[in-house]
Colleague: 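The structure that follows is given in the form of C-alpha cells.
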Amino acid sequence: MPVECREKIVDEREAPRIAAALLDHYDTHARTLAWRISPQQRAAGVRPDPYRVWLSEVMLQQTTVAAVTSYFNAFIGRWPTVEALAAAPAEDVLAAWAGLGYYARARNLIACARAMAADHGGRFPDTEPGLRALPGIGDYTAAAVAAIAFDRPSAVVDANVERVTARLFAIHTPLPAAKSAIRAKVAQMLPAARPGDFAQAMMDLGATICTPRNPSCLLCPVAGWCEARAQGIAESLPVKPPKKAKPARTGTAWWIEQQGHVLLVQRADKGMLGGMRALPDDGWSASRNGNRAPPLAGQWTQLDAAVAHVFTHFSLDLSLALYRGPQIDKVAFENLNGACWWPVERIEEAGLPTLFAKAARIAIQHR
DNA sequence: AATCCGGGGAA
DNA sequence: TTCCCAGGATT
C-alpha cells in the first residue's frame with residue numbers, strides 16, 4: 001500500500017511535466033496535415049474552423065491519414081461550409097464518400113450537417129456534451145472537436161492515445177477494459193492551456209514515434225517518464241484481446257448491360273454498404289453465402305475471374321456473371337427499389353464502394 | 001460487453 | 001500474410 005501511495009504522488013507531480021515536454025516537441029515536430037492550421041496562424045490566435053475539424057475527425061474514424069487526405073480536400077473543395085454540405089443531395093455525398101468505407105459515417109455526416117443547419121443555425125455546439133448529442137459524434141469525436149476547435153479541456157482518447165498512455169504508465173489491463181484507467185491518466189496530464197494541441201501532440205506521438213511495432217523510443221520526448229520503456233515492455237502494450245477468425249463467404253454479382261448502360265441498385269440504408277449504389281447480387285452476407293439465383297431468366301456468362309475482398313468480419317469471394325439476353329424492357333426495371341441504368345463509360349462517377357468498383361472493372365474487361 | 005460496420009497502408 | 005488505423009451505433 002505505501003508503494004501505491006508513493007507512485008500516485010509521483011504521477012500527479014510529473015503529469016504536467018509530461019504534457020509540457022510533449023507540447024515542446026509538438027511545436028517543432030507537428031505533422032503538416034490538410035485540416036490543421038499552420039503554427040504561424042495558431043501563434044497569431046487563429047482558431048481552426050470547426051467544420052473542418054469535425055469533417056476530418058469523422059473521416060479519420062478507424063481510417064488512416066493517408067486514406068483520408070484526398071477525400072478531405074475533395075469534400076472541402078466541393079462543400080466549403082456545413083451549410084453547403086447540409087444542402088447537398090444525399091446521393092452526392094454518399095458517392096463522394098465511396099471507397100472510404102464505414103458508410104454509416106457518411107449517412108450520419110449528412111444527418112449531422114442538416115441538424116446543425118436546422119437546429120443550430122449552422123453553428124457547431126462548442127461543448128463536449130452538445131457535440132456528443134449529434135449523429136456520428138461519439139465520445140472520442142466530441143472530445144476532439146471540443147478541444148481542437150473550441151479549446152475545451154477534454155480528454156481525447158483515440159487508439160494512439162490509448163497506446164501512448166498504456167505505455168507511459170505500464171497499464172497491463174487488456175483493452176477495452178483499460179479504457180477508464182487510461183482516460184483518468186489522460187485527464188491527469190491534460191494541461192489547462194492548449195488542450196487541443198496536447199491532444200494532437202499525443203496523437204502525433206502515437207502515429208510517428210510510439211508506434212504499435214518497433215517504437216522509436218530514442219526519439220521520444222517523454223521516454224524519461226515511460227514506465228513501459230523502463231521495464232523494456234513498450235512494444236507489448238497495450239494488451240489487446242485476441243481477434244476472431246473471419247468466415248469465408250461466396251457470392252455473385254450480376255452485370256446486366258444494354259445499350260451501353262448497366263443496371264445498378266441502391267442498397268438498403270441499414271447493413272453492409274448501406275445506402276450505396278451497387279451491382280445487383282445474390283444475397284450474400286456476413287452470415288451466409290449467396291444463393292446463385294440470377295435476378296432474371298436468360299442467358300448468362302459465368303466469368304472465371306472473381307473479386308477477393310476482405311471486410312472487417314468476413315472475407316468474400318465474389319464471382320461475376322454477365323447477362324447475354326434476351327433483350328430486356330429497360331423501363332420495367334426503373335423505379336424498382338432504387339434501380340437505375342447507369343452509362344458504363346461513366347461508371348467511375350456512380351460512387352460504387354470498392355467491392356463493386358473492382359467487380360465492375362473486371363466485368364467491363366470481359367463484356 | 002459484444003458485435004457489426006470498409007478499406008488500405010505498412011511491415 | 002498480419003496488423004491496425006484520430007470509432008460509433010446497436011443490441
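Values below: every heavy atom of this structure, side chains too, minus hydrogens, waters and symmetry copies. Reminder, nothing fancy here: chain letters follow the sequence lines and each chain counts from 1.
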Colleague: Going by number, which of residues 91-110 of chain A have a non-hydrogen atom under 4.0 Å from DNA chain C?
Modeller: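 When residues 91-110 of chain A is checked for heavy atoms under 4.0 Å from DNA chain C, the hits, listed by number, are A:Asn108.
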
Colleague: B:dG8, OP1 or OP2 - any side-chain N/O from A:Thr354 closer than 4.0 Å?
Modeller: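 Affirmative; the distance criterion is met.
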
Colleague: Pairing donors with acceptors under 3.5 angstrom, does anything connect the side chains of A:Tyr323 and A:Gln258?
Modeller: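 No, because no side-chain N or O of A:Tyr323 sits under 3.5 Å from a partner of the opposite role on A:Gln258.
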
Colleague: So, does A:Tyr26 use its side chain to make a donor-acceptor pair with the main chain of A:Met202 at under 3.5 Å?
Modeller: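 No, because the side chain of A:Tyr26 does not come within donor-acceptor range (under 3.5 Å) of the backbone of A:Met202.
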
Colleague: Across the strands shown, which category fits A:Ala144 at heavy-atom distances under 4.0 angstrom: base, sugar-phosphate, nothing?
Modeller: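 It contacts nothing in the nucleic acid.
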
Colleague: Indicate, with a heavy-atom threshold strictly under 4.0 Å, whether A:Ser56 touches base, sugar-phosphate, or nothing.
Modeller: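 Contact class for A:Ser56: none.
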
Colleague: If you assign A:Arg132 and A:Met203 each to the DNA chain C nucleotide with the nearest heavy atom, which residue ends up on the more 5' nucleotide?
Modeller: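 Mapping each residue to its closest nucleotide by heavy atoms, the 5'-most match is A:Met203.
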
Colleague: Rounded to whole angstroms, how far apart are OH on A:Tyr71 and P on B:dG6?
Modeller: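 Going from OH in A:Tyr71 over to P in B:dG6 covers 13 Å.
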
Colleague: Describe, in one word, how the ring planes of A:Phe75 and A:Trp97 are oriented to each other, choosing from parallel (under 30°), tilted (30 to 60°) and perpendicular (over 60°).
Modeller: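 Plane angle over 60°, so perpendicular.
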
Colleague: Could you tell me how far apart A:Phe314 (CZ) and B:dC4 (C1') are, to the nearest whole angstrom?
Modeller: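 Computing the A:Phe314:CZ to B:dC4:C1' distance gives 10 Å.
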
Colleague: Between B:dG7 atom P and A:His313 atom NE2, what is the distance in whole Å?
Modeller: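 In whole Å, B:dG7 P and A:His313 NE2 are 12 Å from each other.
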
Colleague: Given atom NZ of A:Lys244 and atom P of B:dC5, what is their separation to the nearest angstrom?
Modeller: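 In whole Å, B:dC5 P and A:Lys244 NZ are 14 Å from each other.
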
Colleague: Strictly distance-based, threshold 3.5 Å: is any side-chain N or O of A:Arg105 a donor or acceptor partner for the main-chain N or O of A:Leu100?
Modeller: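 Checking the backbone N and O of A:Leu100 against the side chain of A:Arg105, a donor-acceptor pair under 3.5 Å is found.
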
Colleague: Indicate, with a heavy-atom threshold strictly under 4.0 Å, whether A:Lys358 touches base, sugar-phosphate, or nothing.
Modeller: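 Here A:Lys358 touches no strand at all.
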
Colleague: Closer to the 5' end of DNA chain B via nearest nucleotide, is it A:Ala66 or A:Thr63?
Modeller: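 Its nearest nucleotide lies further toward 5', so the answer is A:Thr63.
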
Colleague: What range of DNA chain C does chain A touch, first nucleotide to last, counting atoms under 4.0 Å from its heavy atoms?
Modeller: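 Going 5' to 3' along DNA chain C, contacts run C:dC3 to C:dA9.
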
Colleague: Using a cut-off of 4.0 Å on non-hydrogen atoms, how would the nucleic acid contact of A:Leu175 be classed: base, sugar-phosphate, or nothing?
Modeller: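 No contact at all - A:Leu175 keeps every heavy atom at 4.0 Å or more from the nucleic acid.
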
Colleague: How close or far is atom P of B:dA10 from atom CZ of A:Arg213, stated in whole angstroms?
Modeller: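 It is 12 Å, rounded to the nearest whole Å.
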
Colleague: Counting C-beta onward and ignoring hydrogens, is there a side-chain heavy-atom pair between A:Trp300 and A:Leu322 closer than 4.5 Å?
Modeller: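 The answer is no; the side chains never approach within 4.5 Å.
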
Colleague: Can the ring centres of A:Phe314 and A:Phe311 be said to be less than 6.0 Å apart?
Modeller: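 Ring-ring flag for A:Phe314/A:Phe311: true, centres closer than 6.0 Å.
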
Colleague: Between A:Arg163 and A:Asn160, do the side chains contain an N or O donor and an N or O acceptor separated by less than 3.5 Å?
Modeller: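 A donor-acceptor contact under 3.5 Å links the two side chains.
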
Colleague: Looking across every strand, which nucleic acid part, if any, lies under 4.0 Å from A:Asp139 by heavy atom: base, sugar-phosphate, or nothing?
Modeller: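 A:Asp139: backbone/sugar contact only, no base atoms under 4.0 Å.
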
Colleague: Strictly distance-based, threshold 3.5 Å: is any side-chain N or O of A:Arg52 a donor or acceptor partner for the main-chain N or O of A:Ala34?
Modeller: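 Checked: pair present.
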
Colleague: Which value, in whole Å, describes the distance between the P atoms of nucleotides C:dA6 and B:dT3?
Modeller: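 Those two atoms are separated by 25 Å.
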
Colleague: Which is more 5' along DNA chain C, the nucleotide nearest A:Arg163 or the one nearest A:Leu134? Just name the residue.
Modeller: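 Nearer the 5' end of the strand: A:Arg163.
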
Colleague: C1' atom, B:dC5 versus C:dC4: distance in rounded Å?
Modeller: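 B:dC5 and C:dC4 have their C1' atoms separated by 16 Å.
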
Colleague: Atom NZ of A:Lys179 and atom P of B:dA2: how far apart are they, to the nearest Å?
Modeller: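 Those two atoms, NZ and P, are 14 Å apart.
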
Colleague: Identify which one of A:Tyr51, A:Trp35, A:Trp79, A:Trp54 satisfies the ring-ring contact (aromatic ring centres under 6.0 Å, His included) criterion when paired with A:Phe72.
Modeller: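 So, applying the ring-ring contact (aromatic ring centres under 6.0 Å, His included) to A:Phe72 and each of A:Tyr51, A:Trp35, A:Trp79, A:Trp54, only A:Trp35 qualifies.
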
Colleague: Classify the nucleic acid contact of A:Pro176 as base, sugar-phosphate or nothing, counting any heavy atom under 4.0 Å across all strands shown.
Modeller: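 The answer is nothing, as A:Pro176 stays clear of every strand by at least 4.0 Å.
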
Colleague: Hey, does the side-chain of A:Thr64 have a donor or acceptor N/O within less than 3.5 Å of a partner on the base of B:dG8?
Modeller: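 Under the 3.5 Å cut-off, the side chain and the base do not form any donor-acceptor pair.
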
Colleague: Rounded to whole angstrom units, what separation is found between the CE atom of A:Met272 and the C1' atom of B:dG6?
Modeller: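 Roughly 7 Å, once rounded to whole Å.
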
Colleague: Using the P atom as the reference point in each nucleotide, state the distance between B:dG6 and C:dT11 in Å, no decimals.
Modeller: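 Those two atoms are separated by 16 Å.
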
Colleague: Counting C-beta onward and ignoring hydrogens, is there a side-chain heavy-atom pair between A:Pro215 and A:Arg167 closer than 4.5 Å?
Modeller: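 Yes, side chains in contact.
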
Colleague: In whole angstroms, how far is the P atom of B:dG8 from the CZ atom of A:Phe311?
Modeller: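 Distance, rounded to whole Å: 11 Å.
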
Colleague: Can a salt bridge be assigned to the pair A:Asp197 and A:Arg194 using a cut-off of 4.0 Å between side-chain N and carboxylate O?
Modeller: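 Yes.
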
